[in-house]
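Notes to accompany the following structure.
Since this is a predicted model, take the numbers as computed values, not measurements.
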Amino acid sequence: MSTNAVPPTVADVVAELERRYPPAWAEDWDRVGLVLGEPCAPVRRILCVVDVVPETVAEALDAGADMIVAHHPLWLRGVSSVAPTTFKGRIAHRLIKSDVALYVAHTNADVADPGVSDALAARFGLTGLRPLHRPAPGAPAAGDGRGIGRIGELPTPMTLAELARHAAAVLPATAWGVRAAGDPGRMVRTLAVSGGSGDGFLADATAAGVDAFLTSDLRHHPAGEHLAAEGPALLDAAHWATERPWLDDLAVLLREATGVETLVSDLDTDPWTVHAAPPAVDDKEPRP
């Protein structure tokens with residue numbers, strides 16, 4: 001885009017986002033779309049983030065961004081006040097005073113093809129992709145390869161232990177890292193991935209017959225019961241790390257569609273900041 005060209009407006013950017021990620025594709029409980037910002041305001045720089053938190057807002061302001069495009073909603077439930085007595089209220093006030101628009105693409109980006117899980121699958125070089133969980137027939141997002149998660153074939157089979165180490169290397173680094181559940185020597189050829197919280201799709205991974213399922217926020221009892229029922233091996237990565245790869249695809253989309261300079265936040269917004277591994281087996285004191 002020429003430096004003398006008239007920049008697109010917030011409304012222009014929103015139109016491109018909603019062409020690619022229609023709000024009707026979002027889950028009923030979700031809150032997507034334009035949160036803050038004048039539709040007629042010009043946009044010269046965009047910052048893409050996973051989470052709208054004080055740190056990423058400060059990053060946007062420091063970068064001179066006119067708009068933030070986020071994956072996670074700032075608000076999921078109705079509020080009766082946006083007073084700056086809460087951190088979310090302070091965020092809203094700061095963005096409004098700085099003329100920075102905020103847009104959210106959440107489960108409508110999860111279900112898109114390509115979407116959040118396609119970017120995650122690309123980190124593993126998966127081929128032959130298909131959805132892990134398809135929308136119900138007749139749902140707005142049904143059809144054309146859309147759905148939550150992706151299933152594919154690894155370029156080279158590896159054991160679960162090898163895959164866990166590989167996942168830690170190809171995903172954005174976090175203190176959480178990657179943990180795995182199952183036989184460390186189990187060979188993995190087919191892998192299901194789902195960005196974000198995925199224990200609601202354990203049954204889908206089992207029904208698909210994959211060797212392993214990588215996602216986030218797995219809980220003790222659902223994971224244990226899944227393994228006891230001889231389901232696929234599990235890999236649990238940090239929530240932020242499984243969704244951060246999509247920001248690169250989002251940035252390319254916005255640059256190509258609008259000509260706006262688009263930046264990607266690499267700030268690790270995973271809440272877990274310390275990981276302490278137990279001593280090696282040989283270093284442990286013998287039990288009495």
Side-chain angles (χ1 to χ4, degrees), residues 49-51 53-56 59 71-72 116-117 119-126 132 149-203 205-206 210-247 265-288:
V49 308
V50 173
D51 296 297
V53 292
E55 293 81 2
T56 53
E59 182 182 21
H71 185 49
H72 291 149
V116 172
S117 289
L120 179 57
R123 292 290 177 113
F124 294 88
L126 299 184
L132 172 65
R150 292 294 181 265
I151 296 169
E153 300 282 334
L154 287 167
T156 303
M158 57 185 77
T159 66
L160 177 61
E162 291 170 336
L163 180 58
R165 290 191 291 270
H166 180 64
V170 300
L171 292 177
T174 61
W176 179 274
V178 177
R179 59 183 182 177
D183 178 359
R186 179 173 181 167
M187 292 303 301
V188 179
R189 296 172 176 82
T190 56
L191 176 65
V193 298
S194 185
S197 301
D199 66 6
F201 306 110
L202 293 174
T206 299
V210 299
D211 297 315
F213 177 32
L214 181 142
T215 187
S216 304
D217 301 339
L218 292 176
R219 294 172 295 156
H220 176 91
H221 291 295
E225 292 169 7
H226 165 87
L227 294 173
E230 301 183 350
L234 300 174
L235 297 104
D236 187 25
H239 193 123
W240 173 84
T242 64
E243 294 177 329
R244 162 60 185 83
W246 171 69
L247 299 185
S265 173
D266 275 316
L267 282 176
D268 176 2
T269 53
D270 187 70
W272 306 105
T273 57
V274 177
H275 173 83
V281 173
D282 291 342
D283 295 335
K284 290 182 180 179
E285 294 182 5
R287 294 182 181 180

H239: partners by ring-ring contact (aromatic ring centres under 6.0 Å, His included), with sequence neighbours left out: H72
Minimum side-chain heavy-atom gap H71-V116 below 4.5 Å: yes
Just grab all the side chain to side chain donor-acceptor pair (under 3.5 Å) pairs involving residues 267-279, residues at least two apart or on different chains. D51-T269
Between F213 and S194 the two heavy atoms that sit nearest each other are CE1-CB, 3.8 Å
Any pair with a residue in residues 185-195 that passes salt bridge (charged side-chain N to carboxylate O under 4.0 Å, His left out), sequence neighbours left out, goes on the list, sorted by first then second residue, please. none
Flag the pair V49 / L267 as yes when at least one side-chain heavy-atom distance between them is below 4.5 Å, and no otherwise. no
Quick one: list whatever passes side-chain contact (heavy atoms from CB on, under 4.5 Å) with A119, sequence neighbours left out. P245, W246, D249
Just grab all the salt bridge (charged side-chain N to carboxylate O under 4.0 Å, His left out) pairs involving residues 219-236, residues at least two apart or on different chains. R179-D236, D199-R219
List the residues meeting ring-ring contact (aromatic ring centres under 6.0 Å, His included) with W240, not counting sequence neighbours, and say none if there are none. none
Mind checking side-chain contact (heavy atoms from CB on, under 4.5 Å) for T242 and listing every partner two or more places apart, or none if nothing turns up? L120, L214, S216, A237
Rounded to the nearest 0.5 Å, what separates atom CG in L227 from atom CG in L234? 5.0 Å
Compare all side-chain heavy atoms of T215 with those of V193 and state whether any distance is below 4.5 angstrom. no
Under the ring-ring contact (aromatic ring centres under 6.0 Å, His included) rule, collect the residues that match up with H226, sequence neighbours excluded. none
Set of side-chain contact (heavy atoms from CB on, under 4.5 Å) partners for A173, sequence neighbours left out: none
For G149 and S117, the nearest pair of non-hydrogen atoms, with its separation, is CA-OG, 3.4 Å
Residues passing the side-chain contact (heavy atoms from CB on, under 4.5 Å) test with T190, sequence neighbours excluded, are E153, V210, D211
Identify the heavy atoms of E243 and G196 that sit nearest to each other, and give their distance. OE2-CA, 3.4 Å
Does the side chain of T206 reach to within under 4.5 Å of the side chain of P232, using non-hydrogen atoms? yes
Looking at residues at least two apart in the chain, or sitting in another chain, which of them share a salt bridge (Lys or Arg N to Asp or Glu O under 4.0 Å) with D266? R244
From CA spacing to verdict: side chain to side chain contact (heavy atoms under 4.5 Å, CB included), L191, F124: CA-CA 9 Å; L191 176 65; F124 294 88; 4.1 Å; yes
Which pairs would a plain distance check flag for residues 160-172, meaning a side-chain donor or acceptor within less than 3.5 Å of a matching protein atom at least two apart in sequence or in another chain?
residue : atom : partner : partner atom : Å
E162    : OE1  : T159    : N            : 2.8
E162    : OE1  : T159    : OG1          : 3.4

